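Encoded as structure tokens, the structure appears first; notes follow it.
Since this is a predicted model, take the numbers as computed values, not measurements. Heavy-atom basis, side chains included; hydrogens, waters and symmetry copies ignored. The sequence lines fix the lettering, A, B, ..., with proteins before strands; numbering per chain opens at 1.
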Amino acid sequence: MVRTRFAPSPTGYMHIGNLRTALYAYLAARRNQGVFILRIEDTDQERNIPESVAAIYNSLALAGLAYDEGPDKDGGYGPYIQSERLPIYQEHAQKLLGMGAAYCCFCKKEDRPEGEDVPVRRDPCRLLSPDEIQKKLDSGESFVIRQRIPDEGSTTFTDHVYGEITIEHAQLDDQVLLKSDGFPTYNFANVVDDHLMGITHVMRGQEYLSSTPKYNLLYEAFGWEVPEYVHLPLIIKEDGSKFSKRLGDPSFEDLVKMGYLPAAIVNYIALLGWSPGDDREFFTLAELEKVFSIDRINKSSAAFSFEKLTWLNGEHLRALPLEAFHDLAKAYYPPELDEFDTLKISELLQVRTEKLNQIPDQVAFFADVPDYDINMYVHKKSKSDLETSLTILKGVMPLLADLKTFDNDNLYMLLKSYGKDKGYKTGTVMWPIRTALSGVPATPGGATALAEVLGRTETLNRIQAGIEKLESEMA
RNA sequence: GCCUCCAUCGUCUAGGGGACCAGGACGUAGCCCUUUCAAGGCUAAGACCGGGGUUCGAAUCCCCGUGGAGGCACCA
């Protein structure tokens, strides 16, 4: 039985790399009919940000990553919040102390050598005699519990992504297991909980690769089975730097606010570091659950491309049923659009929208024709100039007023044959009409589609306004 | 400083000794379609970091170099 977990610490927002770790852990579980667990790692009292727990739940829900066990979903392995498991860590730390695999350290935090190039350190407290330790304990001196790393030898493990890794013990610090405030460190809590919760596959960022032997030493000290490791490559920005909230890089929730569909984001990040092996790129979460496989995860870090995400978002938008797209688009329509058939507008928009938040700009002209330059009537490819525009707008007015059924098909037939009669190519007729109706160079849909949405009255008004503009400004 | 990892088009990637004068996608350019813009179709430019091996044969295996990244906290 495969059991995976997503174990975020509530210290900020859910960034892209976190979400992908969650996604892969989720997919690995689903793919193997396993169990996906959410565990909150709130062991850092200082960095905890209570609101970010809500962000975690929200992001997971948005992404559709449903967990089988978690703080609000007991599966018999709880509690699933580390701050509620303190006695468990205490007990296990004592066990380690008893075995000599750990020791008490009374050094102060400030004693640690400063600087960028900190050498591997063997703590002086290792050498304290039992008497000395007892004396310090009795005097109430604060202390931490450190792991006793063997001086000699090395540890080798096999990672599913990176293969066999060997680290010399001399490279490993005597890391702190239990802090002086009684809280465990990530390193310790993680090992204890992963074992107690029966995690079979530990999925986490590549940054843990070289400290993994410390974890294995702990597993071995307890006599526990070491889990399978799946270390994931980093996600970076296109300039090679890391994502950083400080520099304004968007979180998952930010991306959603920017008009990206959660489904598209999930699809995109699934592809950052993993590929299906064929040329397919469009996947729903349900489809990913069927094809995901750990052994197709890549080793090298991947750059996040907003351009490609935007394209994929467009693909997802277009794949939506019209009604679903409409429901999403509605939120971006200005209130003035209510007088029109917004479903029809959505239909025009769907194939031309890559990001939801571009919609307001795309539809602004429906509410109001902007003040545009008269030269917008000039378009070489359509063989449109000021004179033809004026002539055509005037010539077309009575025909539009008389048209029985004012819809796209009939408008198109009418205007096309008008052009044929007068010796204009269709584009020459359509250009000035579309311009008069919109006042913008690019519109979602052509002249007749816009006219249908605007309706006969508004269409005639706008064309009349166009005629007047041309007449006054051509003089 | 020490340790570990990584290295194919600008970007995401396929490739795991011969099927590769390296395939797909985004982006870019051009053409087609066309009622503007999109969408769609077609085409083009664009990469195996360098050097040594191993082999009949290397993008694929090994070594060295170079470049990049990560780790070395009472942070996770």
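- For A:Tyr372, the ring pair (Phe, Tyr, Trp, His ring centres under 6.0 Å) partners two or more places apart in sequence, or in a different chain, are A:Tyr377.
- Counting any heavy atom pair closer than 4.0 Å across all strands shown, A:Thr43 reaches sugar-phosphate atoms only and no base atom.
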Protein-nucleotides 15-17 of chain B N/O pairs closer than 3.5 Å?
residue	atom	partner	partner atom	Å
B:G15	OP1	A:Arg296	NH1	3.3
B:G15	OP1	A:Arg296	NH2	3.3

Return the polar atom pairs (N/O with N/O) between nucleotides 63-70 of chain B and the protein under 3.5 Å, or none.
residue	atom	partner	partner atom	Å
B:G70	OP1	A:Lys242	NZ	3.4

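- For A:Glu46 and B:C75, the CD to P distance is 7 Å, given to the nearest whole Å.
- Nucleotides B:G18 and B:C3 are separated by 39 Å at their C1' atoms, to the nearest Å.
- To the nearest whole angstrom, the two P atoms, one in B:C26 and one in B:G65, are 40 Å apart.
- In this structure, B:G65 and B:C49 make a Watson-Crick or G-U wobble pair, each of the two defining distances being under 3.5 angstrom.
- Residue pairs meeting the side-chain hydrogen bond (donor to acceptor under 3.5 Å, both in side chains) criterion with at least one partner in residues 414-423 of chain A, sequence neighbours excluded, are absent.
- For the C1' atoms, the distance linking B:A44 with B:C9 amounts to 14 Å, nearest Å.
- Taking atom P on both B:G67 and B:A14, the two are 26 Å apart, rounded to the nearest angstrom.
- Using a 4.0 Å heavy-atom distance criterion, A:Ser9 is classed as a sugar-phosphate-only contact.
- Across the protein-nucleic acid pair, A:Leu178 atom CG and B:C74 atom C1' stand 10 Å apart, rounded to whole Å.
- For A:Ser139, the side-chain hydrogen bond (donor to acceptor under 3.5 Å, both in side chains) test picks out no residue, with sequence neighbours left out.
- Comparing the P positions of B:C42 and B:U13 gives a spacing of 25 Å, expressed to the nearest Å.
- Contact annotation for A:Asn190: no contact, since no heavy-atom pair falls under 4.0 Å across all strands.
- Using C1' as the reference atom, B:U28 and B:U36 are 23 Å apart when rounded to the nearest Å.
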When you compare the protein's N or O atoms with those of nucleotides 7-10 of chain B, which come within less than 3.5 Å of each other, and at what distance?
none

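- Summarising the geometry, atom OH belonging to A:Tyr162 is positioned 9.0 Å from atom NE2 belonging to A:His231; distances are rounded to the nearest 0.5 Å.
- Residue A:Asp239 contributes atom CG, which lies 12 Å from atom P of B:C12 at whole-angstrom precision.
- Shown here are the ring pair (Phe, Tyr, Trp, His ring centres under 6.0 Å) partners of A:Phe292, two or more places apart in sequence or in another chain: A:Tyr24, A:Trp274.
- The ring pair (Phe, Tyr, Trp, His ring centres under 6.0 Å) check on A:Phe340 picks up nothing, with sequence neighbours excluded.
- Looking at A:Thr459, its side chain does come within 3.5 Å of a backbone N or O of A:Ala451 through a donor-acceptor pair.
- Comparing the P positions of B:C48 and B:G23 gives a spacing of 13 Å, expressed to the nearest Å.
- Rounded to the nearest Å, the gap between the P atom of B:C64 and that of B:C21 is 31 Å.
- Here A:Thr166 lies in heavy-atom contact (under 4.0 Å) with sugar-phosphate atoms only.
- Checking B:C56 for Watson-Crick or G-U wobble geometry (two distances, each under 3.5 Å) identifies B:G18 as its partner.
- Nucleotide B:U34 forms a pair with no other nucleotide shown, judged by Watson-Crick or G-U wobble geometry with both contacts under 3.5 Å.
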Shorter than 3.5 Å, N or O on both sides, protein versus nucleotides 34-43 of chain B: list them out with atom names.
residue	atom	partner	partner atom	Å
B:U35	OP1	A:Tyr412	OH	2.5
B:U35	O2	A:Ala447	N	2.6
B:U35	N3	A:Thr448	OG1	2.8
B:U35	O4	A:Asn408	OD1	3.4
B:U35	O4	A:Thr448	OG1	2.2
B:U36	O4'	A:Arg434	NE	3.4
B:U36	O2'	A:Arg434	NH2	3.4
B:U36	O2'	A:Pro441	O	2.9
B:U36	N1	A:Arg434	NE	3.4
B:U36	O2	A:Arg434	NH1	3.2
B:U36	O2	A:Thr443	N	2.7
B:U36	O2	A:Thr443	O	3.2
B:U36	O2	A:Thr443	OG1	3.2
B:U36	N3	A:Thr443	O	2.7
B:U36	N3	A:Thr443	OG1	3.4
B:U36	N3	A:Gly445	O	3.1
B:U36	O4	A:Arg352	NH1	3.4
B:U36	O4	A:Gly445	N	3.0
B:U36	O4	A:Gly445	O	2.9
B:U36	O4	A:Gly446	N	2.9
B:C37	O2	A:Arg352	NH1	3.0
B:C37	O2	A:Thr443	O	3.3
B:C37	N3	A:Arg352	NH1	2.2
B:C37	N4	A:Arg352	NH1	3.4
B:A38	O2'	A:Val351	O	3.3

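- Partner assigned to B:C26 is B:G10, using Watson-Crick or G-U wobble distances below 3.5 angstrom.
- B:G1 is paired with B:C72 under the criterion used here, namely a Watson-Crick or G-U wobble arrangement in which both key atom distances are under 3.5 Å.
- Under the rule for a side-chain hydrogen bond (donor to acceptor under 3.5 Å, both in side chains), A:Arg148 has no partner lying at least two apart in sequence or in another chain.
- The aromatic rings of A:Tyr57 and A:Tyr67 are tilted relative to each other, their planes meeting at an angle between 30° and 60°.
- Distance, A:Gln82 CD to B:A76 P: 9 Å, rounded to whole Å.
- Both tests do not hold together for A:Arg20 against A:Phe243: distance to the six-membered ring centre under 6.0 Å, angle to the ring axis within 45°.
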Anything under 3.5 Å between a donor and an acceptor, one on a side chain of residues 344-354 of chain A, the other on a protein residue two or more places apart or in another chain? List them.
residue	atom	partner	partner atom	Å
A:Lys344	NZ	A:Glu452	OE2	3.1
A:Ser346	OG	A:His326	ND1	2.5
A:Ser346	OG	A:Tyr333	OH	2.7
A:Ser346	OG	A:Thr342	O	3.1
A:Gln350	NE2	A:Leu317	O	2.9
A:Gln350	NE2	A:Leu320	O	2.8
A:Arg352	NE	A:Leu348	O	2.8
A:Thr353	OG1	A:Leu349	O	2.8
A:Thr353	OG1	A:Gln362	OE1	3.4

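- Partners of A:Tyr219 according to the ring pair (Phe, Tyr, Trp, His ring centres under 6.0 Å) rule, which considers only residues two or more places apart in sequence or in another chain, do not exist here.
- A donor-acceptor pair is defined here as one N or O able to donate and one able to accept, closer than 3.5 Å; such a pair exists between the side chain of A:Lys179 and the backbone of A:Thr43.
- The CG atom of A:Asn313 sits 20 Å away from the P atom of B:C12 (whole-angstrom rounding).
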